[in-house]
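For the numbers below, each heavy atom of this structure counts, side chains included, while hydrogens, waters and symmetry mates do not.
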Amino acid sequence: MATKTINADMLARMFLAGAQNIEAKKEIINELNVFPVPDGDTGTNMSLTIMSAAKEVMALDDRNMKDLAKAISSGSLRGARGNSGVILSQLLRGFTKAIRDEEEIDAMTLAAACQRARDTAYKAVMKPKEGTILTVASGIAARAAELAEETDDLEAFLPAVIEHAEEVLAKTPDMLPVLKEAGVVDSGGQGLIEVIKGAYAAFQGKEIDLSAITPGTGSAVTKIGAQETADIKFGYCTEFIILTEREFTEEEERDFKAYLSSIGDSIVCVADEDVVKVHVHTNDPGLAIQKALTYGQLSRMKIDNMREEHQEKLIRDAEKMAAKQAAEEAEKEKAQKAQEPRKAMGFITVSIGEGLNEIFRELGADYIIEGGQTMNPSTEDMLNAIDQVNADTVFILPNNKNIVLAANQAKALVKEKEIVVIPTKTVPQGITAIISFMPDADAKANEEAMLEGIQQVKTGQVTYAVRDTHVDDKEIHEGDIMGIGDKGILAVGTEVEATAKEMLAELVDEDSELISLYYGEEVSEEEAEKFAAEVEELYPDVDVDFHFGGQPIYYYVMAVE
């Protein structure tokens, strides 16, 4: 029998299953990333983005289409991380706009929603590239439109759309040479297909484990405090059903209850012909089970550690209290800032280490978002930062190409302040931008000065490879040291300093006047000082300075001006 519509409850289950599937497959998707740097990767960013929406969906009391659409759109927009996460959030935003006023969704509605998702995502990207998640989304929209004219049976429609999406994904290396060189398909496109595959599994009625979406339900072992659980006399809530092969007599019921009373309390023992339902709190569930087996077979056994549940409740209560106190402190700080005179212009910057944080503070940054490389800040993080800066115009310095879209998405959601995103792609560009700020000039003049300033600086970063790959005509193996410039990988080697010098040779030219070195947490001050001295010898006509950056993962971050 054909299935022609999807209601809100089924769509919610499909969405949650899609979220769970990409969470389960995120490391596989991460492995498809072309650049083998230890960054916030595609799979991780897409998973965090959709999980933010999934938690809002799980919290819905009434799963009607309008509230479901709002939860998916709002949750993904605010939770979006990295370029792939932002694009996914825009796809979901467009999709939900098309279905929010429907009672049920049919093939024609699905096709229209896929087209709106594609159009919304393309508009969000300033320079869309083919061979990416956008190409896969476009292929899905085109095939869905064709199929909607041919069939109204979703059991035929959905697998055909997925099959075509996989065909489009397989062609992405032919559209982007960098993918072909690395021998991979586009990671964002793969992530989108995993979402859809998960949703289709739920549509087919497969059991989906959604435990990853529910916060605080992990199975981690918790150390139990004696004082906190002293009031729990019997620790295990034990439940089961006895399937007897004969009548469970009143005498047997009395004897069994008496036995259960000797090993526990909170006893329920109800006999109904050949079925006996049992509940007991005890410190030894095995004794209850062994006794029950003398009466028949057991079914639906369930044992919960009440001490652990009690501890988890205490932890949840403590977390709620901490969150409440943090919110109260934030409100207090916000109120204090509100009493201060409102500035004309303020700065938010993303930073990646203790030393760099301090440099940005000294240069006048009002709010620092820590993250940047391994954990890209979300749109929500940006919005919270904007809320904390008491200024008419707020400049955002993302300092990472994978954060620019999230910053622009936050900008689009703010109405009461003027937000200007300076598309800085590295920390040195961010430092140059804030140094270029002119207190006496207006916002537009400062924007132009900062944009001009970041064009004058060349940057490099020294880190290690997290996987084998072939990119920028270089064979790279896991553990290799890489020198990465603004436009790609400039040097590969096995020694940090040697690779850094090889990279600098690509950055320094006859017009260079200053080399700034920011050393990371894995480099000592003595090592950095020695390396700076060696760089001075190599480039005697160029000034060299070095600073503690404190960044993890990246041994050196460099700027050449």
Asks: Checking the side chain of K206 only, and the main-chain atoms of A201 only, is there a donor and an acceptor separated by less than 3.5 Å?
Replies: no
Asks: Step through the shown structure and confirm whether more than 12 heavy atoms of other residues, nucleotides or ligands are within 6.0 Å of CD on E167.
Replies: yes
Asks: Would you confirm whether T120, through its side chain, and R116, through its main-chain N or O, come within 3.5 Å as a donor-acceptor pair?
Replies: yes
Asks: Any chance you could lay out the side-chain contact (heavy atoms from CB on, under 4.5 Å) test for Y518 and I431, step after step, and finish with the verdict?
Replies: CA-CA 12 Å; Y518 303 92; I431 291 172; 3.5 Å; yes
Asks: Restricting to pairs with a member in residues 8-17, which pass salt bridge (Lys or Arg N to Asp or Glu O under 4.0 Å), not counting sequence neighbours?
Replies: D9-R13, D9-R63
Asks: Test M65 against I105 for side-chain contact (heavy atoms from CB on, under 4.5 Å), laying out the working first.
Replies: CA-CA 10 Å; M65 202 70 78; I105 303 170; 3.8 Å; yes
Asks: Does D186 offer a backbone N or O that forms a donor-acceptor pair with the side chain of T172 under 3.5 Å?
Replies: yes
Asks: Are the side chains of K411 and I396 in contact, using a 4.5 Å heavy-atom criterion?
Replies: no
Asks: What heavy-atom pair brings R93 and S73 nearest, and what distance separates the two atoms?
Replies: CG-OG, 3.8 Å
Asks: Is there a side-chain contact between V496 and V462 (heavy atoms, below 4.5 Å)?
Replies: yes
Asks: Could you pull out the closest heavy-atom pair between R81 and T49, with the gap in Å?
Replies: N-OG1, 3.1 Å
Asks: Please examine the side chains of I72 and E56, heavy atoms only from C-beta on, and report whether any two atoms are closer than 4.5 Å.
Replies: no
Asks: Are the side chain of N21 and the backbone N or O of A199 linked by a donor-acceptor pair below 3.5 Å?
Replies: no
Asks: Any donor-acceptor pair under 3.5 Å linking the side chain of T379 with the backbone of L77?
Replies: yes
Asks: Taking side chain as C-beta onward, heavy atoms only, is I369 less than 4.5 Å from I403?
Replies: no
Asks: Testing the basics here: between Q461 and T426, what is the closest heavy-atom pair and its distance to 0.1 Å?
Replies: NE2-CG2, 4.0 Å
Asks: Would one find more than 12 heavy atoms of other residues, nucleotides or ligands at under 6.0 Å from atom CD of E475?
Replies: yes
Asks: Testing N400, N399, T432, T459 one by one against T424 for a side-chain hydrogen bond (donor to acceptor under 3.5 Å, both in side chains), which residue passes?
Replies: N399
Asks: Main chain of H477, side chain of D480: is a donor-acceptor contact present, judged purely on distance under 3.5 Å?
Replies: yes
Asks: For the atom pair CD1 (I50) and CG (L48), what is the distance rounded to the nearest 0.5 Å?
Replies: 11.5 Å
Asks: Are L356 and I368 close enough that some pair of their side-chain heavy atoms sits under 4.5 Å apart?
Replies: no
Asks: Surrounding NZ of K171 (heavy atoms of other residues, nucleotides or ligands, distance under 6.0 Å), is the total greater than 12?
Replies: no
Asks: If I take atom CD1 from residue I133 and atom CD from residue Q190, how far apart are they, to the nearest 0.5 angstrom?
Replies: 11.0 Å
Asks: Supply the atom-to-atom distance I476 CD1 to I489 CD1, rounded to the nearest 0.5 angstrom.
Replies: 3.5 Å
Asks: Take D473 and E181 through the side-chain contact (heavy atoms from CB on, under 4.5 Å) test and state the conclusion after the steps.
Replies: CA-CA 8 Å; D473 294 324; E181 185 182 6; 3.6 Å; yes
Asks: Just jot down the side-chain hydrogen bond (donor to acceptor under 3.5 Å, both in side chains) partners of D119, sequence neighbours excluded, or say none.
Replies: none
Asks: Report yes or no: does D468 contribute a side-chain atom to a donor-acceptor pair with the main-chain N or O of E478 at less than 3.5 Å?
Replies: yes
Asks: Would you say the side chain of Y555 lies within less than 4.5 Å of the side chain of T499, judging by non-hydrogen atoms?
Replies: no
Asks: Is it true that the side chains of Q409 and S89 contain a donor and an acceptor less than 3.5 Å apart?
Replies: yes
Asks: If every non-hydrogen atom of L134 is compared with every non-hydrogen atom of P128, which pair is closest and at what distance?
Replies: CD1-CB, 3.8 Å
Asks: Can you tell me which residue among I162, L110, D106 is in a side-chain contact (heavy atoms from CB on, under 4.5 Å) with F157?
Replies: L110
Asks: Rounded to the nearest 0.5 Å, what separation is found between the CD atom of Q20 and the NZ atom of K25?
Replies: 8.5 Å
Asks: Roughly how far, to the nearest 0.5 Å, is the CD atom of E506 from the NZ atom of K501?
Replies: 16.0 Å
Asks: Considering residues at least two apart in sequence or located in another chain, which fulfil the ring-ring contact (aromatic ring centres under 6.0 Å, His included) criterion with F347?
Replies: F395, F437
Asks: Which heavy atom of A144 sits nearest to which heavy atom of A111, and what is that distance?
Replies: O-CB, 3.5 Å
Asks: Please answer whether the main-chain N or O of K425 pairs with a side-chain N or O of Q429 as donor and acceptor at a distance below 3.5 Å.
Replies: yes
Asks: Does the side-chain contact (heavy atoms from CB on, under 4.5 Å) test come out yes or no for Y556 and F531, once each step is laid out?
Replies: CA-CA 10 Å; Y556 288 100; F531 178 63; 3.5 Å; yes
Asks: Are V350 and M382 close enough that some pair of their side-chain heavy atoms sits under 4.5 Å apart?
Replies: yes
Asks: I need the minimum non-hydrogen distance between I99 and A113, along with the two atoms involved.
Replies: CG2-CB, 3.8 Å
Asks: Give a yes or no on whether K70 atom NZ has more than 12 heavy-atom contacts from other residues, nucleotides or ligands under 6.0 Å away.
Replies: no
Asks: Would you call E166-K197 a salt bridge at under 4.0 Å N-O?
Replies: yes
Asks: Can you measure from CE (M46) to CG (N30) and round to the nearest 0.5 angstrom?
Replies: 11.0 Å
Asks: Flag the pair T42 / L32 as yes when at least one side-chain heavy-atom distance between them is below 4.5 Å, and no otherwise.
Replies: no
